Engineer: 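Before I ask anything, let me first share the structure, which is written out below as structure tokens.
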Amino acid sequence: QVQLVESGGGLVQAGESLRLSCAASGRTFSNYVMGWFRQTPGKEREFVASVSRNGAGTSYADSVKGRFTISRDNAKNTMYLQMNNLKPGDTAVYYCAANVGIQTRTTAPQYEYWGQGTQVTVSS
């Protein structure tokens with residue numbers, strides 16, 4: 001019912017910033033809880049952040065809290081992840097996820113729809 005496309009990944013040095021975008025198809029974007037996850041080879045997909053349907057509620061993993069900010073613009077059918085003070089440990093493929101709902105969700109099984117991922121690499 002919804003297609004998700006991430007963009008904005010790249011190669012940066014530690015301490016620099018990136019902003020990821022997730023563009024959603026369809027006309028019902030405002031009905032979806034949205035989230036960001038990341039994954040590296042040999043590791044489980046890790047929760048990063050989630051934003052509630054109306055954008056008022058947010059949840060963050062402890063590892064990124066204070067550095068990353070999740071937001072959404074329902075008029076543009078787009079979700080964002082502003083990543084500041086990036087660390088080498090943030091290197092991963094970042095995935096956009098969506099599920100019909102209201103409140104934030106913090107585990108991968110709670111999401112039904114996924115994007116293809118965008119690579120973020122942070123050098124030391």
Side-chain angles (χ1 to χ4, degrees):
Q1 291 183 346
V2 61
Q3 294 184 356
L4 307 172
V5 180
E6 304 94 335
S7 62
L11 173 63
V12 298
Q13 294 188 351
E16 296 182 341
S17 299
L18 282 173
R19 189 176 80 157
L20 305 183
S21 298
C22 173
S25 66
R27 296 182 287 272
T28 58
F29 179 69
S30 61
N31 291 333
Y32 290 87
V33 174
M34 302 293 296
W36 288 99
F37 291 77
R38 64 189 184 186
Q39 189 168 29
T40 57
K43 295 184 178 180
E44 295 182 346
R45 189 162 296 187
E46 176 188 13
F47 169 74
V48 176
S50 179
V51 60
S52 63
R53 191 167 70 183
N54 65 2
T58 58
S59 297
Y60 296 93
D62 289 342
S63 59
V64 307
K65 195 170 186 178
R67 299 188 297 120
F68 291 10
T69 302
I70 189 172
S71 62
R72 66 192 296 163
D73 187 338
N74 288 347
K76 297 181 179 179
N77 284 6
T78 303
M79 177 182 64
Y80 305 96
L81 184 68
Q82 178 67 44
M83 304 184 295
N84 296 330
N85 191 23
L86 283 162
K87 303 176 180 180
D90 296 320
T91 296
V93 176
Y94 283 71
Y95 295 92
C96 173
N99 207 85
V100 174
I102 300 173
Q103 300 284 8
T104 58
R105 302 181 180 188
T106 59
T107 65
Q110 293 177 296
Y111 291 87
E112 184 174 1
Y113 306 102
W114 295 83
Q116 82 290 342
T118 185
Q119 177 71 46
V120 172
T121 302
V122 184
S123 63
S124 60

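Since the model is a prediction, treat every value here as computed from it, not as a measurement.
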Engineer: How far apart are the closest heavy atoms of D90 and V122, and which atoms are they?
Structural biologist: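 It is CB-CG2, 4.4 Å.
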Engineer: Surrounding CD of Q116 (heavy atoms of other residues, nucleotides or ligands, distance under 6.0 Å), is the total greater than 12?
Structural biologist: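 Yes, the 6.0 Å shell around CD holds more than 12 heavy atoms from other groups.
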Engineer: Among L81, L20, L11, whose side chain to side chain contact (heavy atoms under 4.5 Å, CB included) with V120 holds?
Structural biologist: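 Per the side chain to side chain contact (heavy atoms under 4.5 Å, CB included) rule, the option paired with V120 is L20, out of L81, L20, L11.
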Engineer: Would you check if the side chain of N74 reaches a backbone N or O of R53 as a donor-acceptor pair within less than 3.5 Å?
Structural biologist: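 Checking the backbone N and O of R53 against the side chain of N74, a donor-acceptor pair under 3.5 Å is found.
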Engineer: Could you tell me whether a side-chain N or O of T118 sits under 3.5 Å from a main-chain N or O of G9, the two making a donor and an acceptor?
Structural biologist: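 Side chain of T118 to backbone of G9: a pair is present.
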Engineer: Testing the basics here: between V2 and A24, what is the closest heavy-atom pair and its distance to 0.1 Å?
Structural biologist: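 Shortest heavy-atom separation between V2 and A24 comes out as CG2-CB, 4.0 Å.
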Engineer: With sequence neighbours excluded, what pairs up with Q1 under the side chain to side chain contact (heavy atoms under 4.5 Å, CB included) test?
Structural biologist: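 Listed in chain order: Y32, Y113.
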Engineer: Taking atom OG of S30 and atom CG of D73, what is their separation to the nearest 0.5 Å?
Structural biologist: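 Here the interatomic distance stands at 11.5 Å.
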Engineer: A side-chain contact here means heavy atoms from C-beta on lying under 4.5 Å apart; do L18 and M83 qualify?
Structural biologist: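 Side-chain contact under 4.5 Å: yes.
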Engineer: Taking S123's backbone N and O only, do any of them form a donor-acceptor pair with Q13's side chain (distance below 3.5 Å, no angle check)?
Structural biologist: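 It does not hold such a pair.
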Engineer: Side chain of T104, backbone of T58: donor and acceptor closer than 3.5 Å?
Structural biologist: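 No.
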Engineer: To check you understand the geometry: which heavy-atom pair defines the closest contact between Q110 and T106, and what is its length?
Structural biologist: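 Heavy atoms only, the tightest pair is OE1-N, 3.0 Å.
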Engineer: Pairs under 3.5 angstrom only: tabulate donor-acceptor contacts from the side chains of residues 41-51 to other protein residues two or more places apart or in another chain.
Structural biologist:
from	atom 1	to	atom 2	distance (Å)
R45	NE	Q39	OE1	3.2
R45	NH2	Q39	OE1	3.1
E46	OE1	R38	NE	3.0
S50	OG	M34	O	2.9
S50	OG	R105	N	3.2
S50	OG	R105	O	3.4
S50	OG	Y111	OH	2.9

Engineer: Determine whether Y94 and E6 satisfy the following criterion, side chain to side chain contact (heavy atoms under 4.5 Å, CB included), listing intermediate values before the conclusion.
Structural biologist: CA-CA 8 Å; Y94 283 71; E6 304 94 335; over 6 Å; no
Engineer: Please tell me if the side chains of I70 and Y60 come closer than 4.5 Å, counting only heavy atoms from C-beta onward.
Structural biologist: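 Sidechains of Y60 and I70: in contact.
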Engineer: Does S52 offer a backbone N or O that forms a donor-acceptor pair with the side chain of R72 under 3.5 Å?
Structural biologist: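 Checking the backbone N and O of S52 against the side chain of R72, a donor-acceptor pair under 3.5 Å is found.
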Engineer: Test side chain to side chain contact (heavy atoms under 4.5 Å, CB included) on Y80 and C22 and set out the steps.
Structural biologist: CA-CA 6 Å; Y80 305 96; C22 173; over 6 Å; no
Engineer: How far apart are the closest heavy atoms of N84 and S17, and which atoms are they?
Structural biologist: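 Shortest heavy-atom contact: OD1-OG, 2.9 Å.
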Engineer: Return the CG to CG distance between N54 and N31, rounded to the nearest 0.5 Å.
Structural biologist: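 Reported value, rounded in 0.5 Å steps: 11.5 Å.
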Engineer: Could you tell me whether a side-chain N or O of N99 sits under 3.5 Å from a main-chain N or O of E112, the two making a donor and an acceptor?
Structural biologist: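 Present.
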Engineer: Among the clusters formed by ILVMFWY side chains lying less than 4.5 Å apart, do V100 and Y95 turn up in the same one?
Structural biologist: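 Result: no, two separate clusters.
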Engineer: Grab the two heavy atoms, one from V93 and one from G117, that are nearest each other, plus how far apart they are.
Structural biologist: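 The answer is CG1-CA, 3.8 Å.
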Engineer: Between S25 (side chain only) and Q3 (backbone N and O only), is there a donor and an acceptor less than 3.5 Å apart?
Structural biologist: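 Yes; judged by distance alone, with no hydrogens or angles, the pair exists.
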Engineer: Are V64 and F37 connected into the same hydrophobic cluster when the rule is that any two of I, L, V, M, F, W, Y join if their side-chain heavy atoms are below 4.5 Å apart?
Structural biologist: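 Looking at the clustering, V64 is in a separate group from F37.
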